[in-house]
Amino acid sequence: MTHFQYAIPNTFRMDVKAKIFAEYSSVEQLQELLERYKDEQILHIGAGSNLLFTKDFDGVILHSAMRRARALDEDSDSVLIEAESGLVLDELIAQLCDMGLSGMENLSYIPGEVGASAVQNVGAYGVEAKDVIVRVNTWSIPDQNVVILDNTQCQFGYRDSIFKNELRGKAIVTHVVYRLNKHFEPKLDYGNLRAEVGNNPTPMSVREAVIRIRQQKLPEVSELGSAGSFFKNPIVPRETYEAIAAQYERVPHFEQDGGVKIPAAWLIEQCGWKGKTLGGAQCYPKQPLVLVNANNATPQDIVNLAAAICQDVKDKFNITINPEVNYI
Ligand code: EPU
């Protein structure tokens, strides 16, 4: 019988275990681990902030403990920063804002690590990681070699990249190179960010405003387990939006290439799920896009709640909302 003895870190704060959990501090150590466990099922994780383990994992979980960052190059306008995959993204952003470098301040306080910023193309308040990523260094498992992808090769999309598709399980992100600006051009057009920031913005004051907004709406993972937004915001055909707009007053929406984005939070709220619980899982009252582990939820509680919400949104609006969270 397999013994699952290693707790898997995950921000849902679920009690899930793996056969083996191994960390590495260099690309050489990563290679050794891949060689040692080549006959096992392998899953590489970041901080576990976007994962839902539906059961114990019968294999090896790998995690990067490479956590350095350095400036590679600079010109009069910008600095290239190379960060290792296991560095906590928000620690990096705090340092960059402190140095007066800009471009990532809107991504402040997103849980997760540098590696995941590329895999997931994390985004918030009108900025996505793809806007600042220059290139991504990976260890290619099939090639047994370092492979470097430039921004275009990463095929970034909304919470999506080549690392979640074609290269899933094949490439391990080891470093991400970001371009930061020396001259500050604040991006404040999303929601109430401009009002929250006030006059004379600096990278640090924008960071602080973003943190205040996130703290008002999103659960603190140290207190309440969650994986941030559980669903992606759907982009629907214009006719679908117009049919809904004819029935409801003031439907929030954002024009997009190829359709109209309707906030999943709004759809879920209209279905009456905001604040509701199912087992130990809850649809978060301040932001219904987030599902939380309110009371010793099991993975199945979260799966059931997510499925019930999806079904109701489908029945009421004929819109399919898809999880942003990866089920393992
Ligand atoms: N809304 C409601 N009811 C609510 C809350 C929101 O109807 O209770 C509607 C409002 O119309 C609001 C709109 O939803 O204007 C958008 O809400 P919000 O600005 O909070 O953002 P979001 O679209 O729900 C996305 C990201 C977040 C990111 C925020 C801010 C996705 C899946 N989520 O959420 O990312 O922080 O924008 O940029 O795109 C994450 O990915 O984990 C995450 C938290």
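By convention here, the first residue in the shown sequence is residue 1. Each ligand, and each atom within it, is numbered from 1 in the order the structure gives. Predicted model, so just to flag it, every value in this text is computed and none were measured.
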Margin query: Side chains of Val132 and Arg179, heavy atoms from C-beta outward: is any pair under 4.5 Å?
Written below: no
Item checked: Donor-acceptor contact below 3.5 Å, side chain Gln29 vs main chain Tyr24 -> no
Check: Are there protein heavy-atom neighbours of atom 12 (C) of ligand 1 below 4.0 Å?
Finding: no
Margin query: I'd like to know if the side chain of Asp56 reaches the main chain of Lys17, judged simply by a donor and an acceptor atom lying under 3.5 Å from each other, with no hydrogens or angles considered.
Written below: yes
Notebook entry, point to check: Which of the numbered atoms in ligand 1 are below 4.0 angstrom from a heavy atom of Arg214?
Noted result: 36 (O), 44 (C)
Notebook entry, point to check: Judged by non-hydrogen atoms, does Gly191 sit under 4.0 Å from ligand 1?
Noted result: no
Next item on the list: Look at atom 26 (C) of ligand 1 and say which protein heavy atom is nearest, naming residue and atom and giving the distance to 0.1 Å.
Entry: Arg159 NH2, 3.5 Å
Notebook entry, point to check: Between the side chain of Arg13 and the main-chain N/O of Ser222, is any donor-acceptor distance below 3.5 Å?
Noted result: yes
Checklist line | The one among Phe231, Phe254, Trp266 that brings a heavy atom closest to atom 32 (C) of ligand 1 | finding: Phe231
Notebook entry, point to check: Under the side chain to side chain donor-acceptor pair (under 3.5 Å) rule, what pairs show up with a residue in residues 277-302, not counting sequence neighbours?
Noted result: Thr298-Asp301, Gln300-Asn304
Notebook entry, point to check: Which residue supplies the protein heavy atom nearest to atom 8 (O) of ligand 1, what is that atom called, and how far is it?
Noted result: Lys274 NZ, 2.6 Å
Notebook entry, point to check: Side chains of Ser108 and Tyr125: do they bring a donor and an acceptor to under 3.5 Å?
Noted result: no
Margin query: Please check this pair: side chain of Asp150 against backbone of Gln153, looking for a donor-acceptor N/O pair closer than 3.5 Å.
Written below: yes
Next item on the list: Can you pull out the closest protein heavy atom to atom 34 (O) of ligand 1? Residue, atom name and distance to 0.1 Å, please.
Entry: Leu289 CD2, 3.8 Å
Check: Which residues satisfy the salt bridge (charged side-chain N to carboxylate O under 4.0 Å, His left out) test with Glu113, sequence neighbours excluded?
Finding: none
Item checked: Gly228: numbered ligand 1 atoms lying under 4.0 Å from its heavy atoms -> 42 (O)
Next item on the list: Please report which non-hydrogen protein atom sits nearest to atom 23 (O) of ligand 1, along with the residue it belongs to and the distance in Å to one decimal place.
Entry: Asn233 ND2, 2.9 Å
Check: To which protein heavy atom is atom 9 (C) of ligand 1 closest, and what is the distance rounded to 0.1 Å?
Finding: Pro263 CB, 3.9 Å
Notebook entry, point to check: When you measure from atom 24 (O) of ligand 1 to every protein heavy atom, which one gives the shortest distance, and what is it?
Noted result: Gln287 NE2, 2.9 Å
Margin query: Need the ligand 1 atom indices (1-based, order shown) with element for anything under 4.0 Å from a heavy-atom of Tyr158.
Written below: 31 (C), 32 (C), 39 (O)
Check: Which residue supplies the protein heavy atom nearest to atom 33 (N) of ligand 1, what is that atom called, and how far is it?
Finding: Ser229 OG, 2.9 Å
Checklist line | Atoms of ligand 1 close to Glu269 [distance to a heavy atom under 4.0 angstrom, numbered from 1] | finding: 2 (C), 3 (N), 4 (C), 7 (O), 8 (O)
Check: Nearest protein heavy-atom contact for atom 19 (O) of ligand 1: which residue, which atom, what distance?
Finding: Tyr190 OH, 2.8 Å
Next item on the list: Identify, by atom number and element, the atoms of ligand 1 in contact range of Lys217, meaning under 4.0 Å from any of its heavy atoms.
Entry: 18 (P), 19 (O), 20 (O)
Notebook entry, point to check: Considering only heavy atoms of Ala124, which atoms of ligand 1 have at least one such atom less than 4.0 Å away?
Noted result: 36 (O), 38 (O)
Check: Are any of the N/O atoms in Lys232 less than 3.5 Å from those in ligand 1?
Finding: no
Margin query: I'd like to check which ligand 1 atoms, numbered from 1 as shown, lie under 4.0 Å from a non-hydrogen atom of Pro252.
Written below: 11 (O)
Checklist line | Flag if over 12 foreign heavy atoms under 6.0 Å of NZ, Lys274 | finding: yes
Checklist line | Test side chain to side chain contact (heavy atoms under 4.5 Å, CB included) applied to Ile244 and Ile262, step by step | finding: CA-CA 10 Å; Ile244 298 171; Ile262 303 183; 4.0 Å; yes
Checklist line | Trp266 side chain reached by Pro288 side chain, heavy atoms, under 4.5 Å | finding: no
Note to self: Under a plain distance cut-off of 3.5 Å, with no hydrogens placed, do Asn165 and Asp160 share a side-chain donor-acceptor pair?
What the structure shows: yes
Item checked: Heavy atom of Gln270, distance to ligand 1 below 4.0 Å -> no
